[in-house]
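Presented below is the structure to which this report refers.
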Amino acid sequence: MFEQVFQWILKWLPEAVHPYVMPMLVIAIVLQVNLGVCSYLILLERKLSAWMQDRHGPNRVGPMGLFQPVADMLKLLLKEDVIPGHVNKFLFVLAPGISVFTTFLAFAVVPFGPVPDGLTPGDGKFPFIIAPGIDLGIVFIFAIGSLAVYGIILGGWASNNKYSALGCLRASAQVVSYEIPLGMSVVGLAMLNSTMSIEKILLNQANQGLIGWNIWYQPLACIIFFIAAMAEAQRLPFDLAECEQELIGGWHTEYSAMKWGLFFLAEYTHVITISFLTSILFFGGWHFPLIAEADSAYAGATAVKVFVLLSKVFAVIIVIQMLRWTIPRFRFDQLMSLAWMGLIPLATINVVLVMFVKQFELNTLWLFPLSIATFVIAGLMATQSSRPFARRGPAAVEPAAHGGHAHAH
Amino acid sequence: MKNGALLIPVVLGWLAVWWMLPREKGRSRILGALMALGALLALQVTFLPPVGNVVRDSLFYLFSGTAILSGGLMITDRNPVFAALWFALSTLAVCGLFLLNSAPFLSAATIIVYAGAIVVTFLFVIMLAQQSGASNYDHHAVQPVMASVMSFVLLGALLFALQEWGGIDGKAADEVKAGQFVAQDAKVRANIFSQPPSSNKNEIGSMRVLGRSLFSDYLYFVELAGTVLLIATIGAIAIAPRRSQGTL
């Protein structure tokens, strides 16, 4: 059906633009859906927060508050857009744009449905991905993700405000640190699947059935990836850059109206991308036993596959939003030691485990107990050993206190 | 002199950059821009790529123009924060050129390492060091003549090599295969450290071939580079903390 309609539309267009019609269409659909979904995710987050705190949440606009996002959007658009004095105007306006641009660009290589084989431009198959056939999708996402920090740094610096500056310094240290575990956690995945392409990793899992899901081979990598990605997105419990109690709003203190809204649009898009990646890389993407297998060809199978993938993504988003009110915000030294002393060594061990299993040609299922054992041992080491950071503070002042004490006697 | 025409863009470019380098009294930006434009126009006589696909060509000119413009602005901007940003933009434009030439891994790795980590660190340091705006030292270049002359001598040498090589067209097949700009003589070729990689040239650029080549043809160098990095890391850790200040 879709293909016929598409071919009919193509007839009316000049030959030269045919390869660009489908990508433009997909981009338009992704942008529009994303905007709508983001505004309703904010409503969902507020409702979830209310539910977890035994409140009602927004319930005035429309039935059960369902039109609240519309009201919010109108407010953001119509509010006075303040640019404070003594700011660097160009960078101040540029920063939210960079944030949105980078997060949307990262979505270009994320498949949101079953990508058909043998795509050629203009054949009318809906590709379910903006840029099909990118050989190193994961590396592309990390490259674009590493640019996202510019939005925060420039916004914080251009605001000419101490709170903003502190927020952006925290953010840049945090994002640069967490990029390393994020990148290393998928190295094992790339070695197991012998590819960096997100589509191929998904297909590999789907072809093997439920046992092929990467969560059985890389549970530790999944945890590391999820934590590091949350830190990259500056979500609670990692939102030190915008820590309200200390920094008012951090890097977006001076922003108002839609420029502020753009920062949050970027944050929610980032959350959506993370959820897509987590469910595609580790939970089999659109594969689900019996109803959405790689060879299921009943009518509407494509729709079911899209539905399965979106349900998985939705589940991950719910987990991310519930974590917000479950784990309190980290202290800055805890944040840094988590990355450098926790996640990076664990990710390295994970990579070595994969190498070990591949080199000695063991059954790859061995990775499950090995990963769990590593995680348990690391957890025991962390909780049973004396905590270095907790000890360091008092230890520095202790000699002086003791000296004073001795003198008194 | 066969390559004499190269002198015009190099000298004009040097004049433009030297004229625009930051100093106490600002100079006419228009004059500098005109000289830079003249240099580029003189350069395109020799180095203009052949016209092909419209989309590819426009992307090429977009990326290369951005790279050259932001590269020039990076060294002539008086504000260090903007200079760092121009550097980032220049890196991104070069990554776009890599992508156009089917080297996606190089492109992504360069973005991650340069734009994503190194320039961010620059910005970090600049913002930490100069919270009250740019200092006086940033308002004029240190040794503008020496720096610009040296860089343009290097640029001239690079352009000379490019012109001597003359592109893939009209080259012997084995020379193109070896990917060399200038033909090597037998003595150089006999040195084991300059042996060309054995991998299949047709697949160059794909990550599989790159990795295979790195860890077979160039294993020794990869290990060496890794060791140097390790030593540098240990050195940094040894130098950074001060026992007397209680930071170790």
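Values below: every heavy atom of this structure, side chains too, minus hydrogens, waters and symmetry copies.
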Any side-chain heavy atom of A/Leu147 within less than 4.5 Å of one from B/Leu92?
yes

Given the options B/Thr121, B/Val54, B/Leu85, which has more heavy-atom pairs under 4.5 Å with chain A than any of the others?
B/Leu85

State whether the number of non-hydrogen atoms from other residues, nucleotides or ligands found under 6.0 Å of [X] atom [atom1] is greater than 12.
X: B/Ile30; atom1: CD1; value: no
X: B/Phe63; atom1: CZ; value: yes
X: A/Phe332; atom1: CZ; value: yes
X: A/Tyr163; atom1: OH; value: no
X: A/Phe101; atom1: CZ; value: no

Which atoms of B/Val113 come close to chain A, meaning under 4.5 Å heavy atom to heavy atom: side chain ones, backbone ones, both, or neither?
neither

Do you know which two heavy atoms are closest between A/Ala143 and B/Ala108, and how far apart they sit?
CB-O, 3.7 Å

Contacting moiety of A/Ala173, where chain B heavy atoms sit under 4.5 Å
both

Donor-acceptor pair, side chain of A/Tyr150 and main chain of B/Ala115, under 3.5 angstrom:
yes

Could you state the interatomic distance from CZ (A/Phe140) to CZ (B/Phe105), rounded to the nearest 0.5 Å?
14.5 Å

To the nearest 0.5 Å, tell me how far A/Phe142 CZ sits from B/Ile111 CD1.
14.0 Å

